[in-house]
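Because only heavy atoms are used, hydrogens play no part in the values below, and waters and symmetry mates are left out as well, while side chains stay in. Both counts, for ligands and for their atoms, begin at 1 and track the order of listing. In this chain, residues are counted from 1 in sequence order.
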Amino acid sequence: MKQIILLNILAVCLLATSCGQSVERPVQEVIDQALNLAEKQALGMALKYAGDNEALPRSFAGGKDIGSDSQWWCSGFFPGLLWYLYENDPKPELLDYAVEYTSRIAQEQYNTRTHDLGFMLYCSFGNAFRLTRDTACLRVLLTGATSLATRYNPAIGLIRSWDHTNGGQWQYPVIIDNMMNLELLFHAARESGDRRYYDISVSHADKTMEQHFRPDYSSYHVVSYDSITGLPHAKQTHQGYADESAWARGQAWGLYGYTVAYRETQDVRYLKQAKHIAGFLLSHPNMPDDYIPYWDLNAPGIPGELRDASAAAIICSALIELSGYVDEALATQYLNVAEKQIRTLASPEYTAAPGENGNFILMHSVGHLPGGSEVDVPLTYADYYYVEALMRYKKLLAGT
Ligand code: GLY
């Protein structure tokens with residue numbers, strides 16, 4: 001069915017051409033060129049950070065490289081990006097760098113102070129294991145899952161996100177981003193046969209579905225739970241415009257998270273949730289025609305607000321996967337949107353010239369605008385999910 005849908009999309013493009021409208025390059029060509037450029041940038045980045053065996057790229061601002069150590073929540077994205085690029089082009093140089101940068105975060109498998117272990121370990125060691133079947137990688141993933149599971153409180157039914165309480169405002173904060181960490185646990189359940197990881201993920205996904213979402217299927221960023229009753233006592237934002245607004249990346253994490261939850265459980269409630277979130281995003285009156293969202297869909301200065309390439313990349317990757325689980329009409333809609341996003345992100349509007357942008361691929365992401373941090377800069381997760389989306393679309397086109 002996927003190939004029929006892609007042929008339909010192609011036929012519409014050809015019709016537009018024969019009617020005298022502007023000719024679009026075949027998407028396959030756009031993707032191949034984007035992946036070639038991504039490889040050049042990533043190799044340049046890998047070389048730049050090669051000398052310090054504890055450093056990982058984080059961003060680039062004011063003409064300066066900004067690195068991080070392995071504890072930063074984004075440490076796994078650059079290693080993961082290298083694995084995708086190695087999958088696309090199995091060069092020894094890419095493999096060596098992928099192994100090297102992945103090894104730099106191995107110690108995080110023991111970190112019980114963060115919920116971000118899914119991001120950190122599954123993007124890096126998860127991709128390494130997927131491509132190499134190296135059991136040493138699997139051991140890191142399983143230890144990481146055990147560490148993450150220590151943050152689950154059965155009385156509340158959720159994994160705790162942050163240890164801080166925001167100056168006493170929160171008792172047990174859980175952020176929508178945390179849905180992204182479940183993939184590590186689902187994987188651990190499958191590989192170890194230990195059902196507890198699966199049950200934790202299902203409980204977290206269920207309770208998040210119950211408490212994080214508004215009737216229109218937009219989501220709050222932070223929900224804090226009363227540690228005695230297990231009920232929410234605060235619903236707020238941290239990185240969005242307002243408590244009641246739709247922070248774009250939060251919506252993207254929710255969409256991606258419930259798509260994964262459906263893939264891993266085949267529970268149609270999660271599929272419905274992912275479709276509802278997609279519906280909210282794609283029909284939002286403030287969603288631009290190119291589907292690169294403003295950093296917050298309710299930011300007050302739209303259309304003068306910044307766009308967030310990272311949210312677009314996450315939505316794009318999630319929609320490509322979700323298109324495989326829905327009927328033909330919806331799949332066509334999702335893939336049309338994803339293609340538009342890819343074409344826009346791959347254009348000079350968002351893609352930097354080789355060697356520019358601190359060797360990041362994409363420009364114009366927004367990390368934490370209210371905190372004045374990482375505003376309109378390149379970010380590792382924008383590049384990671386963009387390349388993941390390119391690879392997913394490429395595999396769809398190839399029918400693999
Ligand atoms: N906390 C992860 C993010 O900024 O999306």
Give the ring-plane orientation class for Y385 versus Y256, where under 30° counts as parallel, over 60° as perpendicular and anything between as tilted. perpendicular

Assign the ring pair F129 / H187 to parallel, tilted or perpendicular, where the plane angle (0 to 90°) is split at 30° and 60°. perpendicular

Neighbouring protein residues of ligand 1 - any heavy atom closer than 4.0 Å: W73, D177, Q239, W247, R249, W253

Using ring pair (Phe, Tyr, Trp, His ring centres under 6.0 Å), reason through W253 and F119 one step at a time and then give a plain yes or no. CA-CA 11 Å; W253 293 142; F119 283 124; 4.9 Å; yes

Decide whether Y84 and L35 are clustered together by the hydrophobic rule: side chain heavy atoms of Ile, Leu, Val, Met, Phe, Trp, Tyr closer than 4.5 Å, transitively. yes

Approximate separation, where rounding is to 0.5 Å, of M120 CE and L56 CG: 9.5 Å

Check W295, Y241, Y294 against E305 for a side-chain hydrogen bond (donor to acceptor under 3.5 Å, both in side chains) and give me the one that passes. W295

